[in-house]
Peer 1: 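The structure that follows is given in the form of structure tokens.
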Amino acid sequence: MLTVRAPATSANLGSGFDVFGAALERPADIVRVERAEETTIEMSGAGSEFIPEDPAKNTAGAVAEALDAPARIKIDKGVRPASGLGSSAASAAGAALALNELYDRGLSRSELVPIAAEGEALVSGEAHQDNVAPALLGGFTIVADDGVTQVDSSIPLVVCLPDIVVSTRDARRVVPDSTSVENMVDTVGRAATLTVGMHREDPAMVGRGMEDNVVTPARAKLIDGYDAVRDAALDAGAMGVTVSGAGPGVIAACYESDRSAIAGAMLDAFDDVGVDSRAYQTRIGDGPTVY
Ligand code: HSE
């Protein structure tokens with residue numbers, strides 16, 4: 001069997017709604033494939049009981065169809081669905097890379113981005129590329145209408161995942177339809193700061209760039225304890241905190257020496273409001289690995 005490890009990702013990063021994304025060093029999905037007459041899918045791991053194994057309803061099944069690459073596919077989920085950590089994108093990206101190799105389709109990782117996005121659209125309703133782009137290319141990615149830009153980075157991060165579910169569809173419903181010019185100017189400044197911070201590997205600049213007055217305040221209301229968790233992370237040394245993707249994951253950029261204290265503070269703050277959570281001490285990492 002051919003095996004691919006495909007990373008979790010965090011989209012938006014505050015100021016880059018539907019534009020920015022980053023691959024996380026951990027957690028990750030493991031996707032195994034072997035050639036078959038027709039596609040079958042077996043799911044295991046975190047939250048796999050909520051994911052349909054019917055190839056017509058599974059992201060990996062949609063990718064197999066798009067690549068005309070029928071296979072026996074086994075997915076071990078390290079990335080729980082509805083987490084804000086690009087769960088369906090990890091499976092879609094892993095399947096796309098694995099099936100491309102298995103059938104020698106010869107597509108580049110960039111060329112696989114729209115194919116993996118098709119798979120993601122099957123479950124999320126819209127073909128955003130802001131999770132599949134970093135899941136395939138690694139590092140920090142900027143998805144624009146005219147293409148994807150990728151920058152290698154290794155900024156340390158803490159991601160705290162509360163034991164609550166926020167669906168992407170619900171989280172998109174609360175996004176405001178419009179905003180003020182003042183907010184637009186602020187967002188452009190933050191997004192530019194974050195981009196340069198990624199390039200310079202500067203956690204303080206990245207943290208400043210993660211502030212957002214438009215989308216994040218609306219989504220934070222869907223996450224019990226968000227304000228307390230953000231404040232606890234900042235008190236423990238985080239350079240910036242925001243909602244990961246559509247939530248409910250909360251992501252903090254930081255210096256490596258503060259990562260453990262920040263993880264502890266975020267876990268305690270969720271615990272104080274009666275919400276169980278788990279924390280990943282991670283960093284921006286590489287794209288998928290083929291074994
Ligand atoms: N940018 C998307 C959102 C991420 O925040 O809704 C999910 O694809």
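One-based numbering, in listed order, for ligands and for the atoms of each.
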Peer 1: Using a 4.0 Å cut-off to any heavy atom of Phe17, which atoms of ligand 1 qualify?
Peer 2: 3 (C), 5 (O)
Peer 1: Would you check if there is a donor-acceptor pair between the side chains of Gln129 and Asn131 at a distance under 3.5 Å?
Peer 2: no
Peer 1: Would you check whether Ala171 reaches within less than 4.0 Å of ligand 1, judged by its heavy atoms?
Peer 2: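 It does not, in that no heavy atom of Ala171 comes within the 4.0 Å cut-off of ligand 1.
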Peer 1: Verify whether one side chain among Glu65 and Thr39 offers a donor that lies under 3.5 Å from an acceptor in the other.
Peer 2: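 Their side chains do not contain a donor-acceptor pair, so the 3.5 Å distance test is not met.
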Peer 1: For Ser15 and Asp212, which I'm curious about, is there any donor-acceptor pair between the side chains at under 3.5 Å?
Peer 2: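 No - no donor-acceptor pair under 3.5 Å links their side chains.
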Peer 1: Just one of Val241, Val158, Val159 clears the side chain to side chain contact (heavy atoms under 4.5 Å, CB included) bar with Ile251, so which one?
Peer 2: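 Answer after filtering Val241, Val158, Val159: Val159.
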Peer 1: Please could you name the atoms of ligand 1 that His128 approaches to less than 4.0 Å, counting only its heavy atoms?
Peer 2: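 Taking each heavy atom of His128 in turn, ligand 1 has 8 (O) under 4.0 Å.
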Peer 1: Would you mind listing which atoms of ligand 1 come within a distance below 4.0 Å of any non-hydrogen atom of Gly245?
Peer 2: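 Counting from 1, the qualifying ligand atoms are 5 (O).
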Peer 1: What atoms of ligand 1 come closer than 4.0 angstrom to any heavy atom of Asn12?
Peer 2: 1 (N), 3 (C), 5 (O)
Peer 1: Pairs of nitrogen or oxygen atoms closer than 3.5 Å, one from Glu120 and one from ligand 1: do any exist?
Peer 2: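 In this structure, Glu120 places no N or O atom under 3.5 Å from an N or O of ligand 1.
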Peer 1: Is it the case that ligand 1 has an N or O less than 3.5 angstrom from some N or O of Asp130?
Peer 2: yes
Peer 1: Charged N to carboxylate O below 4.0 Å: is that the case for Glu34 and Arg72?
Peer 2: yes
Peer 1: Considering Asp18, Thr216, Asn131 one by one, which has a heavy atom nearer to atom 7 (C) of ligand 1 than any of the others?
Peer 2: Asn131
Peer 1: Any donor-acceptor pair under 3.5 Å linking the side-chain atoms of Lys74 with those of Ser44?
Peer 2: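 No, Lys74 and Ser44 have no side-chain donor paired with an acceptor closer than 3.5 Å.
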Peer 1: Is it the side chain, the backbone, both or neither of Gln129 that has a heavy atom closer than 4.0 Å to ligand 1?
Peer 2: neither
Peer 1: So, are Arg5 and Asp286 salt-bridged, with charged N and O less than 4.0 Å apart?
Peer 2: no
